[in-house]
Protein chains: 2
Amino acid sequence: MALEPPTHADAAACERGDAALSRAFSFLGKRWTAVVLGCLRPGPAGFRELSRAIGGVSDSVLSDRLSELTEQGLVARTVDEGPPVAVFYELTERGRALMPALDQISTWAREHLSQGEA
Amino acid sequence: MALEPPTHADAAACERGDAALSRAFSFLGKRWTAVVLGCLRPGPAGFRELSRAIGGVSDSVLSDRLSELTEQGLVARTVDEGPPVAVFYELTERGRALMPALDQISTWAREHLSQGEA
DNA sequence: AGTAGCAGCTAGGAAAATAGAAGCGACCAG
DNA sequence: CTGGTCGCTTCTATTTTCCTAGCTGCTACT
């Protein structure tokens, strides 16, 4: 039986929750996104503050990530036009809603991915 | 008070669960990884079968993803040396352990990321 | 004044990830 | 024998991603 009617189990086989998953990973998978979200978790932070806290990310990339996250509505950018203009980013509700999922992956990683492994 | 001693809240500010998270995303974030895992969820599948089911992925990339996943112990590669050599991939326990997390992200994406949005 | 911090953006190029096509050995049906 | 399937691997071209480095403008401390 090399000719099992492949009329099913093809495109329909996957496509369960993958479309959504793919879209999520399209930006969650970017190099610093998760870290940025992690740094924002404790509370609001300014650009330079994040830059320092993360350490190793360039302004341009940080700026990109922050923009993407803002576009997706995961973080909010607030400008305080006081004499010294100040800006701070913080998680939105949508962003917070993602935290549990991130935690779960993090937990899984700790349990199943020893850091010593290649 | 522009000089709040920044001696704290710097490097230590993030680095909570991010190291693990980053490692997880280092391969979960790759373009087809999540989809492959999703396709493997229902049960074992052969290379060509996956290729067809996913549709849009090239052999080379699929091969890569499968190798990475196998290395990480998320999927198992079994060879059946029967007369017609057959190979099939399937999720390991470690791989299955990740499913709930993936589901959670998927759910989050469905709820907070309308596909119509940019 | 001079120095230093904050908030970003832009340019340019190196590096990495992808897609797509082709090739190889085996096997099975006609 | 010929054609089609399976399971990959290798090669190249293109796209995407990331990092380095510099720059503008404003405020505040010394």
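Just so it is clear: chains get the letters A, B, ... in the order the sequence lines come, proteins before strands, and each one is counted from 1. Here the structure is a predicted model, which means the values were calculated and not measured.
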Short side-chain N/O contact to dC8(D) OP1/OP2 from Y89(B), under 4.0 Å: yes

Distance below 4.0 Å between R52(A) side-chain N/O and dG5(C) OP1 or OP2: no

[X] [atom1] to [N] [atom2], straight-line distance once rounded to whole Å:
| X | N | atom1 | atom2 | result |
| --- | --- | --- | --- | --- |
| L66(B) | dG7(D) | CG | P | 11 Å |
| E81(A) | dG8(C) | CD | C1' | 14 Å |
| L62(A) | dT17(D) | CG | C1' | 15 Å |
| D80(A) | dC6(C) | CG | C1' | 13 Å |
| L50(A) | dG5(C) | CG | P | 18 Å |

Sugar-phosphate only, base, or nothing, as touched by F88(A) at under 4.0 Å among non-hydrogen atoms: nothing

Which atoms of nucleotides 14-20 of chain C (N or O only) lie under 3.5 Å from a protein N or O atom, and what are those distances?
| residue | atom | partner | partner atom | Å |
| --- | --- | --- | --- | --- |
| dT18(C) | OP1 | R31(B) | N | 2.7 |
| dT18(C) | OP1 | R65(B) | NH1 | 3.2 |
| dT18(C) | OP2 | R65(B) | NH1 | 2.9 |
| dT18(C) | OP2 | R65(B) | NH2 | 2.4 |
| dA19(C) | OP1 | W32(B) | NE1 | 3.0 |
| dA19(C) | OP2 | W32(B) | NE1 | 3.2 |
| dG20(C) | O6 | S60(B) | OG | 3.0 |

Results of side-chain hydrogen bond (donor to acceptor under 3.5 Å, both in side chains) for D103(B) - residues two or more places apart only: R41(B)

Listed partners of S60(A) passing side-chain hydrogen bond (donor to acceptor under 3.5 Å, both in side chains), at least two apart: S58(A)

List, one per line, each side-chain donor-acceptor pair under 3.5 Å for residues 82-93 of chain A, sequence neighbours excluded.
| residue | atom | partner | partner atom | Å |
| --- | --- | --- | --- | --- |
| Y89(A) | OH | R77(A) | NE | 3.3 |
| T92(A) | OG1 | G73(A) | O | 2.6 |
| T92(A) | OG1 | L74(A) | O | 3.1 |
| T92(A) | OG1 | R94(A) | N | 3.3 |
| T92(A) | OG1 | G95(A) | N | 3.1 |

Polar-atom pairs under 3.5 Å, protein N or O versus N or O of nucleotides 24-26 of chain C: list them with distances, or write none.
none

Check: dG5(C) base within 3.5 Å donor-acceptor of R48(A) side chain: no

Derivation of the side-chain contact (heavy atoms from CB on, under 4.5 Å) call for V75(A) and V36(A): CA-CA 10 Å; V75(A) 309; V36(A) 170; 5.7 Å; no

Rounded distance (nearest 0.5 Å) linking atom OG1 of T70(B) with atom CD of Q72(B): 10.0 Å

Contact list for residues 53-64 of chain B, test salt bridge (Lys or Arg N to Asp or Glu O under 4.0 Å), sequence neighbours left out: R48(B)-D59(B)

Pairs involving residues 25-50 of chain A, ordered by first then second residue, that meet ring pair (Phe, Tyr, Trp, His ring centres under 6.0 Å) (sequence neighbours left out): F25(A)-F25(B)

S106(A) side chain vs L102(A) backbone, donor-acceptor pair below 3.5 Å: no

Check: L37(A) and L21(B) side chains under 4.5 Å, non-hydrogen atoms: no

